[in-house]
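What follows is one structure encoded as structure tokens, with my remarks underneath.
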Amino acid sequence: MRHARFIDRGRIHEGVWQGGALIDEEGHVVSEEQVTWLPPIEPRTIYGLALNYADHAAELSLERPKEPVLFIKPNASLIGHRAPIVYPEGVEYMHYEAELAVIIGRAGRRIRTAHALDHVLGYTIANDVTVRDFVGNMFRPPIRAKGFDTFGPLGPWWVDAADVPDPHQLEIWTYVNGEVRQHGNTRDLIFRIDEVISFISSFVTLRPGDVILTGTPPGISPVKPGDVIDIEIEGIGRLVNPVVGESNGEPAREVLS
């Protein structure tokens, strides 16, 4: 089953994507074009992995890590399918990172690798948008580089773990304006999903709703305002987001709290 969250007629709905249609809780088909897509879940914590594909580490001229390299992706960065990614003013190099996202469904601490996938609720697609200008050392948390508002597209829905027979055999593509820019397969992960779950839970309790971004394959390239990023993961779906300029798409303003 593919589970979605969206706004329709002023209300937040939790529906499903079934038979090529978006269906709300009452069984009504709603327009996928007119709803506002939300991230399919509201994560507790988002754990990101850097350099989890050997070829991606190589393209950045960095050595293969000896253990998972982790960072926290701010929840404030999250947006849904079709929502605009805002390109910050003054930035030289912003790029996409297509990633399989793992949703934790059962809490656990010191989870054994052999039992780790039993803790997975499902999978979705993430775009770990990054500003290369602010990455000086990949072995330190790249909070600023990856933490801007709108830098966390997630969706369009999440898929039950039972419907993904082998999460380590999924093709990943990124298209920019229809052109293939990135292609990989989760079989090339340096640290497999079960290993990552075991590693994180060795020092922190994983909770239902936590999300783990499993890393991006090689093929990053810069994007600019006006581009459209389309990420596809086999068996999951397609996540599409346009890129807009900060001055045009989201004017600078003071936020009062």
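From a predicted model like this one, the values you see are computed outputs, not experimental measurements. Heavy atoms only: backbone and side chains are in, while hydrogens, waters and symmetry mates are out. By convention here, the first residue in the shown sequence is residue 1.
Asp210 places no side-chain N or O within 3.5 Å of a backbone atom of Ile104 that could act as its donor or acceptor partner. A donor-acceptor pair under 3.5 Å links the side-chain atoms of Arg109 to the main chain of Ser201, judged by distance alone. Remark: the backbone N or O of Glu92 is paired with a side-chain donor or acceptor of Asp133 at under 3.5 angstrom. Counting only distance, with no hydrogens or angles, the side chain of Thr186 and the backbone of Gln169 share a donor-acceptor pair below 3.5 Å. Thr150 contributes a side-chain N or O that, together with a main-chain N or O of Val86, makes up a donor-acceptor pair within less than 3.5 Å. Judged by distance alone, the side chain of Ser198 and the main-chain N or O of Arg112 form no donor-acceptor pair under 3.5 Å. Side chain of Tyr175 to main chain of Val228: no donor-acceptor pair is present (N/O by atom type, distance under 3.5 Å, no hydrogens or angles). Distance alone, capped at 3.5 Å, places no donor-acceptor pair between the Glu246 side chain and the Pro88 backbone. A donor-acceptor pair is defined here as one N or O able to donate and one able to accept, closer than 3.5 Å; no such pair exists between the side chain of His183 and the backbone of Trp173. Between the side chain of Asp166 and the main chain of His168, a donor-acceptor pair closer than 3.5 Å is present.
The same ILVMFWY cluster, assembled from side-chain heavy atoms under 4.5 Å apart, contains both Leu239 and Phe6. No continuous path of hydrophobic side-chain contacts links Leu154 to Ile236 [ILVMFWY only; heavy atoms under 4.5 Å]. Residues Ile79 and Ile233 share a hydrophobic cluster, clusters being chains of Ile/Leu/Val/Met/Phe/Trp/Tyr side chains in contact below 4.5 Å. A single hydrophobic cluster is not seen to contain both Val211 and Ile72; linkage of ILVMFWY side chains at heavy-atom distances under 4.5 Å, directly or through other members, places them apart. Val240 and Trp17 sit in two unconnected hydrophobic clusters of ILVMFWY residues. Membership requires side-chain heavy atoms under 4.5 Å apart, directly or through other members.
Rounding to the nearest 0.5 angstrom, the gap separating the OH atom in Tyr47 from the CD1 atom in Ile200 is 6.5 Å. Rounding to the nearest 0.5 angstrom, the gap separating the NE2 atom in His28 from the CG atom in Leu22 is 13.0 Å. In this structure, Glu99 CD and Asn127 CG are separated by 8.0 Å, a value rounded to the nearest 0.5 Å. One finds the NE2 atom of His13 at 8.0 Å from the CD atom of Glu26 (value rounded to the nearest 0.5 Å). Taking CZ of Phe191 as the reference point, atom OG1 of Thr113 lies at 12.0 Å (rounded to 0.5 Å). Between Ile193 atom CD1 and His119 atom NE2 the span is 14.5 Å, to the nearest 0.5 Å.
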Problem set entry | From CA spacing to verdict: side chain to side chain contact (heavy atoms under 4.5 Å, CB included), Ile125, Leu100 | CA-CA 5 Å; Ile125 302 170; Leu100 176 67; over 6 Å; no

For this session: Would you sort out whether Val120 and Ile197 count as a side chain to side chain contact (heavy atoms under 4.5 Å, CB included), showing the intermediate values?
Result: CA-CA 9 Å; Val120 175; Ile197 290 173; 3.6 Å; yes

Problem set entry | Audit row: Val159, Thr124, side chain to side chain contact (heavy atoms under 4.5 Å, CB included) steps and yes/no | CA-CA 6 Å; Val159 178; Thr124 187; over 6 Å; no

For this session: Could you walk me through whether Thr174 and Arg181 pass the side chain to side chain donor-acceptor pair (under 3.5 Å) test, one step at a time?
Result: CA-CA 6 Å; Thr174 300; Arg181 295 276 189 93; over 6 Å; no

Exercise. Stepwise, does the side chain to side chain contact (heavy atoms under 4.5 Å, CB included) test hold for Val164 with Leu170?
Worked result: CA-CA 9 Å; Val164 182; Leu170 301 179; 4.1 Å; yes

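Under the 3.5 Å distance criterion, with hydrogens and angles disregarded, a donor-acceptor pair is assigned to the side chains of Arg132 and His95. A donor and an acceptor atom, one from each side chain of Gln182 and Thr216, are located under 3.5 Å apart.
Under the 6.0 Å distance and 45° angle rule, Arg144 counts as a cation-pi partner of Phe134.
A search for side chain to side chain donor-acceptor pair (under 3.5 Å) contacts involving Glu89 returns nothing, not counting sequence neighbours.
Taking all atoms of both residues into account, the shortest heavy-atom contact from Ala98 to Pro217 is O-CD, 3.4 Å. Nearest heavy-atom pair, Gly152 versus Leu78, reported as atom, atom and distance to 0.1 Å: O-CD2, 3.2 Å. Listed here is the closest heavy atom pair of Ala126 and Ala101: CB-CB, 4.1 Å. Here the closest non-hydrogen pair linking Asp160 and Trp158 is OD1-CZ3, 3.2 Å.
Contact check for Pro153 versus Asn241: side-chain heavy atoms found under the 4.5 Å cut-off. The shortest side-chain heavy-atom distance between Lys146 and Phe151 does not fall under the 4.5 Å cut-off. Within the 4.5 Å cutoff, the side chain of Val243 has no heavy atoms near those of the Tyr96 side chain. Side-chain contact check for Leu213 versus Leu49: every heavy-atom pair is 4.5 Å or farther apart. Under the 4.5 Å side-chain criterion, counting only non-hydrogen atoms from C-beta, Tyr123 is in contact with Pro167.
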Residues 32-46 side chain polar contacts: donor-acceptor under 3.5 Å, at least two apart:
from, atom 1, to, atom 2, distance (Å)
Glu33, OE1, Arg82, NH1, 3.3
Trp37, NE1, Glu32, O, 3.0

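The side chain to side chain donor-acceptor pair (under 3.5 Å) analysis of residues 67-77, with sequence neighbours excluded, yields the pairs Lys73-Asp128.
For Trp157 and His3, the ring centers are positioned 6.0 Å apart or more.
For Glu234, the CD atom sits in a packed shell: over 12 heavy atoms of surrounding residues, nucleotides or ligands are nearer than 6.0 Å. Shown here is Glu14, whose CD atom has no more than 12 heavy atoms of other residues, nucleotides or ligands within 6.0 Å.
Partner Ile85 forms a side-chain contact (heavy atoms from CB on, under 4.5 Å) with one of Val129, Asp149, Val223 and no other, that one being Val129.
Under 4.0 Å is where a charged nitrogen must lie from a carboxylate oxygen, and between Asp24 and Arg9 at least one such pair does.
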